[in-house]
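Below is one structure; the comments refer to it alone.
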Amino acid sequence: MVQLVACLACAALAISDDSVLPYFEVSLGGHYTKSSYETESSTHWYHDKDRNEMVYDENLTYDIYSFEGGGPILDVQTGLSLAKRFIFLFDLGLAVSIGDSRYKFYSRDKEEYDRTEVMVRPIFGFGLKVYPFQTESSFLYGTFVGATLSFMFTDNLWEDYGMAYCGFEVGGKFEVGKLWKVSEHYFIGFTLNMGIYENATGSNYEYGDENFRIGKNPKRDPVEEINNLHLGISLTAAWK
């Protein structure tokens with residue numbers, strides 16, 4: 001135990017003033033996003049209006065909503081740089097998506113509706129970024145990888161259709177990129193990123209129709225394990 005404390009003390013004394021620095025990064029670019037939501041039926045019975053009878057479907061789902069589109073994305077990261085290699089950061093982003101949404105009330109429905117939507121989604125999280133290569137003469141100098149525990153406020157317009165999914169999702173954002181040194185502390189380059197998000201609960205009410213009212217679904221099991229996928233590329237400027 002004494003030896004461990006001594007080692008930690010030596011490591012602390014070895015850290016110079018330049019070993020711990022503030023870190024700031026801003027990225028601006030574009031992204032592609034794809035969303036998919038549906039909830040497992042609590043009864044698995046469907047009212048087939050064409051045959052005017054109840055049909056049992058083991059795979060029956062309801063409140064089916066999807067969106068696909070893209071647009072600009074702004075991302076700001078701030079934190080502490082340890083030895084210019086490890087970055088402990090807070091991440092704040094804003095994604096604007098323009099695209100087409102599709103929805104229908106039951107998976108067996110023949111009618112499907114669609115419209116163009118504009119979504120604004122704030123994203124924030126905490127994570128770690130690593131610059132593994134520190135030799136400036138190396139081609140790989142400035143290359144980085146990062147991962148963030150990320151939280152997203154969804155802006156899907158499913159409420160317009162009577163759907164009741166949660167407006168807050170949890171996931172992870174992963175990124176890789178490269179920066180080129182401009183001066184002692186300033187760098188510019190690019191970032192590739194991918195975000196994966198999950199909605200924890202399914203839609204609250206399984207409505208059926210005027211002849212077959214089901215009511216509240218106590219299970220609310222979402223069918224999709226991944227509800228939101230984001231892929232992006234950005235120009236990046238950093239101070240570290």
Side-chain angles (χ1 to χ4, degrees), residues 23-37 65-79 81 85-102 114-133 139-158 165-182 186-200 222 224-240:
Y23 181 88
F24 180 79
E25 176 185 302
V26 60
S27 297
L28 180 63
H31 78 288
Y32 162 82
T33 183
K34 185 175 183 179
S35 306
S36 180
Y37 303 83
Y65 179 93
S66 64
F67 175 85
E68 187 171 8
I73 185 168
L74 173 66
D75 193 57
V76 177
Q77 297 180 350
T78 183
S81 168
R85 186 184 298 266
F86 303 100
I87 314 297
F88 300 92
L89 58 87
F90 171 74
D91 182 35
L92 181 63
L94 185 67
V96 179
S97 306
I98 304 172
D100 296 323
S101 66
R102 298 180 180 275
D114 63 88
R115 75 180 192 185
T116 300
E117 294 183 8
V118 179
M119 300 183 183
V120 180
R121 300 175 178 181
I123 304 169
F124 71 94
F126 306 88
L128 174 67
K129 179 174 290 187
V130 180
Y131 289 85
F133 307 102
F139 173 77
L140 295 176
Y141 177 70
T143 301
F144 63 85
V145 294
T148 304
L149 175 63
S150 192
F151 307 89
M152 180 178 67
F153 293 95
T154 62
D155 189 30
N156 300 77
L157 302 180
W158 51 58
Y165 288 102
C166 180
F168 181 76
E169 298 183 1
V170 181
K173 188 172 78 171
F174 310 93
E175 57 183 15
V176 61
K178 180 175 173 59
L179 299 179
W180 285 268
K181 189 172 183 178
V182 177
Y186 289 95
F187 297 76
I188 59 172
F190 69 92
T191 301
L192 303 174
N193 61 69
M194 177 179 70
I196 299 174
Y197 300 90
E198 179 181 359
N199 199 305
E224 302 289 342
E225 294 183 358
I226 297 176
N227 297 113
N228 266 296
L229 172 66
H230 290 251
L231 301 173
I233 181 171
S234 301
L235 295 176
T236 300
W239 190 97
K240 66 188 183 78

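None of the values given here were measured: they were computed from a predicted structure.
- Between the OG1 atom of T236 and the CG atom of D75 there is a distance of 8.0 Å, given to the nearest 0.5 Å.
- Residues L149 and V170 meet the side-chain proximity criterion, which asks for heavy atoms closer than 4.5 Å.
- The shortest side-chain heavy-atom distance between H230 and K173 does not fall under the 4.5 Å cut-off.
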Run the numbers on Y131 and F144 for ring-ring contact (aromatic ring centres under 6.0 Å, His included), then give the verdict. CA-CA 5 Å; Y131 289 85; F144 63 85; 5.4 Å; yes

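- At distances below 3.5 Å, not a single donor-acceptor pair connects side-chain atoms of S81 with backbone N or O atoms of I87.
- Ring pair F124/F151: centre-to-centre distance below 6.0 Å.
- Two residues are said to be in side-chain contact when any heavy atoms from C-beta on lie closer than 4.5 Å; L89 and T148 meet this criterion.
- Seen from the ring of F187, K240 counts as a face-on cation partner, given the 6.0 Å and 45° thresholds.
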Do L74 and L92 pass the side chain to side chain contact (heavy atoms under 4.5 Å, CB included) test, and can you show the C-alpha distance, the side-chain angles, and the key distance before you say yes or no? CA-CA 8 Å; L74 173 66; L92 181 63; over 6 Å; no

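- At a cut-off of 3.5 Å, with distance as the only test, no side-chain donor of S97 or T33 sits close to an acceptor on the other residue.
- Between M152 and T154, the closest side-chain pair of non-hydrogen atoms falls below 4.5 Å.
- No side-chain N or O of E169 forms a donor-acceptor pair with one of N227 less than 3.5 Å apart.
- A distance of 12.5 Å separates CZ of F67 from CG of D114, quoted to the nearest 0.5 Å.
- Distance check: L94 CG to R121 CZ gives 11.5 Å after rounding to the nearest 0.5 Å.
- Considering only heavy atoms from C-beta on, F90 stays 4.5 Å or farther from V76 through its side chain.
- Neither side chain, H31 nor S234, offers a donor N or O lying under 3.5 Å from an acceptor on the other.
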Start with the C-alpha distance between I196 and L229, add both sets of side-chain angles, then the distance that settles side chain to side chain contact (heavy atoms under 4.5 Å, CB included), and finish with yes or no. CA-CA 5 Å; I196 299 174; L229 172 66; 4.1 Å; yes

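- Side-chain contact between N228 and Y37: present, with at least one pair of heavy atoms (C-beta onward) separated by less than 4.5 Å.
- Looking only at side-chain heavy atoms (C-beta outward), L235 and I188 stay at 4.5 Å or farther from each other.
- Closest heavy-atom contact between L140 and K178: C-NZ, 4.1 Å.
- At a threshold of 4.5 Å between non-hydrogen side-chain atoms, the residues T191 and L179 do not count as touching.
- The two residues Y197 and S150 make their nearest non-hydrogen contact at OH-OG, 3.0 Å.
- The number of heavy atoms from other shown groups lying within 6.0 Å of CZ (F88) is above 12.
- For the pair F133 and Y141, the tightest heavy-atom approach, listed with the atom from each and the gap, is O-CD1, 3.4 Å.
- Minimum interatomic distance between A147 and F174 (heavy atoms only, all atoms of both residues): CB-CD2, 4.0 Å.
- Minimum interatomic distance between T143 and P132 (heavy atoms only, all atoms of both residues): O-CD, 3.4 Å.
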